[in-house]
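Reviewing the structure listed below.
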Amino acid sequence: MIKKETIERIRKFIVDRDWDKFHSPSNLAKSISIEANELLECFQWDEDTYSIDNVKEELADVMTYCLDLAMKLHLNVDEIINEKMNKNENKYPINKAKGVATKYDKL
């Protein structure tokens, strides 16, 4: 769970630097994609040998931008995740999806 203090720290970091004017929803979505690709780069040539420190840094960047986008759009993170989980549970019923990586429309 993300603490309220952590969310406030992210917000303060952005406000203190006057970066909010650059953080439009589309810029934040682009930044999420860029940082996600940097996370993927950690595993580019070897899936078994990677720097956990680099993974943590890139994952933190992705999550920070995701939280910033949610704040920008006045979204409740718990609410949107649970709404999506409800959909996922319906799309991937245990009796059809357990132990397989098949896409929902092919189950």
Side-chain angles (χ1 to χ4, degrees):
M1 178 159 192
I2 298 172
K3 297 177 185 175
K4 182 179 177 183
E5 294 81 16
T6 303
I7 302 278
E8 290 171 1
R9 186 175 184 186
I10 293 167
R11 193 80 222 127
K12 184 177 181 336
F13 180 85
I14 295 163
V15 169
D16 286 352
R17 287 154 182 80
D18 195 26
W19 286 354
D20 197 51
K21 60 187 169 194
F22 306 118
H23 289 198
S24 66
S26 81
N27 282 348
L28 291 169
K30 291 171 198 173
S31 295
I32 291 166
S33 179
I34 291 164
E35 293 299 340
N37 282 291
E38 289 180 13
L39 174 60
L40 185 59
E41 189 176 29
C42 295
F43 305 97
Q44 185 172 7
W45 303 114
D46 187 349
E47 293 180 13
D48 300 320
T49 307
Y50 52 85
S51 166
I52 194 67
D53 289 333
N54 288 348
V55 170
K56 288 182 347 185
E57 284 194 21
E58 299 306 335
L59 184 57
D61 286 342
V62 171
M63 295 171 71
T64 299
Y65 278 123
C66 287
L67 288 169
D68 191 18
L69 179 57
M71 288 186 286
K72 175 67 75 174
L73 297 175
H74 308 286
L75 300 173
N76 179 305
V77 175
D78 286 324
E79 187 177 293
I80 64 174
I81 289 173
N82 281 301
E83 286 174 1
K84 182 59 177 172
M85 287 304 301
N86 290 340
K87 290 179 182 180
N88 287 345
E89 289 166 354
N90 287 327
K91 286 197 301 192
Y92 295 97
I94 294 169
N95 64 326
K96 292 183 179 179
K98 189 170 184 171
V100 297
T102 308
K103 190 173 176 182
Y104 71 92
D105 60 348
K106 303 289 185 212
L107 290 174

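The first residue of the sequence shown is numbered 1, and numbering continues consecutively from there.
- Here the shortest heavy-atom pairing between Pro25 and Leu69 reads CA-CD1, 3.6 Å.
- Rounding to the nearest 0.5 Å gives a distance of 5.5 Å between CG of Asp78 and CE of Met1.
- Considering only heavy atoms from C-beta on, Ile34 comes within 4.5 Å of Glu38 through its side chain.
- Using a 4.5 Å cut-off between side-chain heavy atoms of Ile, Leu, Val, Met, Phe, Trp and Tyr, with links allowed through other members, Ile2 and Met85 fall into the same hydrophobic cluster.
- Expressed to the nearest 0.5 Å, how far CG of Asp53 lies from SG of Cys42 amounts to 10.0 Å.
- Within the 4.5 Å cutoff, the side chain of Asp68 has heavy atoms near those of the Arg11 side chain.
- Legend: residues meeting side-chain hydrogen bond (donor to acceptor under 3.5 Å, both in side chains) with Lys56, ordered by chain and number and at least two apart, are absent.
- Using a distance-only test at 3.5 Å, with no hydrogens or angles considered, a donor-acceptor pair links the side chain of Asn27 to the main chain of Phe22.
- A cation-pi contact, defined as under 6.0 Å to the ring centre and within 45° of the axis, is absent between Arg9 and Phe13.
- We find the CG-CG distance between Leu28 and Leu67 to be 11.0 Å, quoted to the nearest 0.5 Å.
- In this structure, the side chains of Lys91 and Leu107 stay at 4.5 Å or more apart for every pair of heavy atoms.
- Lys87 places none of its side-chain heavy atoms less than 4.5 Å from the side chain of Tyr92.
- One hydrophobic cluster holds both Ile52 and Leu59 under the rule that ILVMFWY side chains link at heavy-atom gaps under 4.5 Å.
- With a 4.5 Å cut-off on side-chain heavy atoms, Ile10 and Met71 count as touching.
- Rounded to the nearest 0.5 angstrom, Asn88 CG and Asn82 CG are separated by 11.0 Å.
- No more than 12 heavy atoms of other residues, nucleotides or ligands lie within 6.0 Å of NZ in Lys96, so this atom counts as exposed by the packing criterion.
- When the shell of 6.0 Å around CD1 of Ile94 is examined, it contains 12 or fewer heavy atoms from other residues, nucleotides or ligands.
- The line from CD of Glu58 to CG of Asn37 is 10.5 Å long, rounded to the nearest 0.5 Å.
- Within 6.0 Å of CE on Met63 lie no more than 12 heavy atoms contributed by other residues, nucleotides or ligands.
- Taking 4.5 Å as the limit, some side-chain heavy atom of Phe43 sits within range of a side-chain heavy atom of Val55.
- Residue-environment remark: CD (Glu47) stays at or below the threshold of 12 foreign heavy atoms within 6.0 Å.
- Here the NZ atom belonging to Lys84 is positioned 11.5 Å from the CD atom belonging to Glu89, to the nearest 0.5 angstrom.
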